[in-house]
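These numbers come from the heavy atoms of this one structure, side chains and all, not from hydrogens, waters or symmetry mates. Throughout, protein chains are lettered first and strands after them, A, B, ... in sequence-line order, and every chain is numbered starting at 1. Computed from a predicted structure; not experimentally measured.
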Protein chains: 2
Amino acid sequence: MAKSQTKPAKADAVSRSSRVELKERTRLRLIEAALSLIGQGRGYSSLSLREITREAGVVPAAFYRHFRDLDELGLALVEMGGVTLRHLLREARRDGLSPTDMLRTSVLIYKRYVEERSLVFRFLAGERGGGSPVIRQAIRTEESHFASEMAQDLRALGTLPDLSSNALHMICGLVVTTMLNAASDILDLPKSRPKQEQELVDNFVHQLRVVFLGARFWRER
Amino acid sequence: MAKSQTKPAKADAVSRSSRVELKERTRLRLIEAALSLIGQGRGYSSLSLREITREAGVVPAAFYRHFRDLDELGLALVEMGGVTLRHLLREARRDGLSPTDMLRTSVLIYKRYVEERSLVFRFLAGERGGGSPVIRQAIRTEESHFASEMAQDLRALGTLPDLSSNALHMICGLVVTTMLNAASDILDLPKSRPKQEQELVDNFVHQLRVVFLGARFWRER
DNA sequence: TATTCGAGTGAACACATGTTTACTCGACAA
DNA sequence: TTGTCGAGTAAACATGTGTTCACTCGAATA
């Protein structure tokens, strides 16, 4: 009979709450608990295992069924951050860019994006420079990938056609730095302060404009 | 007699270890203990009061004679960071800048400077994005002052004479971001990896070159 | 249907933590 | 010389911490 084969075909709709699904569910609960605590102003590197399990509604010992230690949870958060960044790029790619004021609209879209995923960006911005070396390094790798993809996209769009791949990557690195720095600023914006908000956006736009202006006149040497 | 006046003239060489001097001394011990722990790879926001006093060779309760809590110690570190940055600028000002390859030499000087004061820069780079909100904000203020001074210096040197003060400040902000980001990279360099080191320096130089190139072609509005 | 298997439990452990309290004891001003 | 004043001490406190262990109990398998 087909059912009793060694490989259970596909695990169809019946297994609504299979074991592995349930495990994955609480794994997610742990991740989200950590993010939620970050959202309450705490830095990831100052969170404790017990705090996280408490927030996740699970007993401390259960943590070890999913992660060896806090660093491993942190790496899961980094990966989530990486996915978020790739998704951002994918959206930007889809939207295309109107030639006029395209920088400004990109910035506004980015701002919204950051605000809607504030927890992940808080984590990235917060652990990027401090925290555990292994997490910091993982974030850096993610940033570099992000920069590479961005470079590829710019190339495909025909922007800055005269630049070498190396130069393009280096410039995208600069853009990424600026973006993540701006994310930090965006997240610390006091709400309902439109003036301050406007200033921040302007500053961000202008900085990117300077970078792309410089890129246009860049000559290899 | 001149000695018994109400105001003790000058606190001369005799009062080698006056009370206030001794207090200041252990205050410094606490600050340096925190820095030392940072140097061992820990982020400031994950340090504990007891850890710090232990490292400083002092009993936990003594901490409160100097700081209300860890945030207050953190602010002292921020101020120390501010002093460090101002000092950097003062040195750069003194050295003047040879017109050819001035960017590259500046970068090398900066790199050396960061390495020699690695602990302070570790602290700044680490708490800039994460950590306690009050510390983060204090660092941001310090950065802004640094950017302003830099703008003033550039103005005095006649660099970028066509830029408005606002534009100049905005560009210096970009430079500062890039510098602190690079500091983070410099501090994480594995030692005796000259190739990697060279790449990092090149990248840093190129990024700054792009920024200044963009600045030269910047037109308001 | 009977058996295995492993995610989550609850309790216990050996410490580490922040803060308070009453204290010592030496520099300093009177 | 005497008395004050305050930096640093020692001990105690109530909690919080990471990790371990034997356990339950229900879904997955055979």
Heavy atoms under 4.0 Å, any strand shown: does A/Val58 hit a base, just sugar-phosphate, or nothing?
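Sugar-phosphate, no base atom in range.
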Whole angstrom value for the distance that separates C1' of C/dA7 from CZ of A/Arg25:
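In whole Å, C/dA7 C1' and A/Arg25 CZ are 13 Å from each other.
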Rounded distance (Å) that lies between atom P of D/dG8 and atom CZ of B/Phe67
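Rounded to whole Å, this separation is 11 Å.
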Indicate for each nucleotide in nucleotides 11-21 of chain D, in 5' to 3' sequence, whether protein heavy atoms under 4.0 Å reach the base (B), only the sugar-phosphate (S), or nothing (-).
-B----BBBBB
What is the distance from atom OG of A/Ser48 to atom CZ of A/Arg54, rounded to the nearest 0.5 Å?
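So the gap between those two atoms works out to 6.0 Å.
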Side chain of A/Lys23 (C-beta onward), nearest among C/dA7, D/dG8, C/dT9:
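Selected nucleotide (nearest to the side chain): C/dA7.
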In whole Å, what is the span from the CZ atom of B/Arg65 to the P atom of D/dC5?
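Going from CZ in B/Arg65 over to P in D/dC5 covers 14 Å.
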With distance as the sole test, does A/Arg86 use its side chain to make a donor-acceptor pair with the main-chain N or O of A/Gly82 at under 3.5 Å?
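Yes.
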CD of A/Glu24 versus P of C/dG6: gap in Å, rounded?
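A/Glu24 atom CD is separated from C/dG6 atom P by 16 Å.
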Spacing of B/Ile52 atom CD1 relative to C/dA16 atom C1', expressed in whole Å:
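To the nearest whole Å, that distance equals 14 Å.
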From A/Phe123 atom CZ to A/Ser45 atom OG, the distance as rounded to the nearest 0.5 Å
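That separation rounds to 9.5 Å.
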Using the test salt bridge (Lys or Arg N to Asp or Glu O under 4.0 Å), find all partners of B/Glu149 that sit at least two apart in sequence or belong to another chain.
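For B/Glu149 the salt bridge (Lys or Arg N to Asp or Glu O under 4.0 Å) partners, ignoring immediate neighbours, are B/Arg93.
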Looking at B/Tyr110, I'd like to know if the NZ or CZ of B/Arg112 sits under 6.0 Å from its six-membered ring centre while staying within 45 degrees of the ring's axis.
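Geometry flag: not set, cation outside 6.0 Å or 45°.
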Can you find a pair of side-chain heavy atoms, one from B/Glu127 and one from B/Arg136, that are under 4.5 Å apart?
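SC-SC contact between B/Glu127 and B/Arg136 ruled out.
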What is the distance from CD of B/Glu55 to C1' of C/dA16, rounded to the nearest Å?
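Those two atoms, CD and C1', are 16 Å apart.
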Taking atom C1' of D/dG6 as reference, at what distance in whole Å does atom CZ of B/Phe63 sit?
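Those two atoms, CZ and C1', are 18 Å apart.
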C/dA7 phosphate, OP1 or OP2, under 4.0 Å from A/Thr26 side-chain N/O:
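Checking A/Thr26 against C/dA7: no side-chain N or O falls below 4.0 Å of OP1 or OP2.
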Could you state the atom-to-atom distance from CZ of A/Arg29 to C1' of C/dA7 in whole Å?
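Those two atoms, CZ and C1', are 12 Å apart.
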Determine which pairs satisfy salt bridge (charged side-chain N to carboxylate O under 4.0 Å, His left out) with at least one residue from residues 168-181 of chain B, sequence neighbours left out, and list them in order.
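Residue pairs with at least one partner in residues 168-181 of chain B: there are none.
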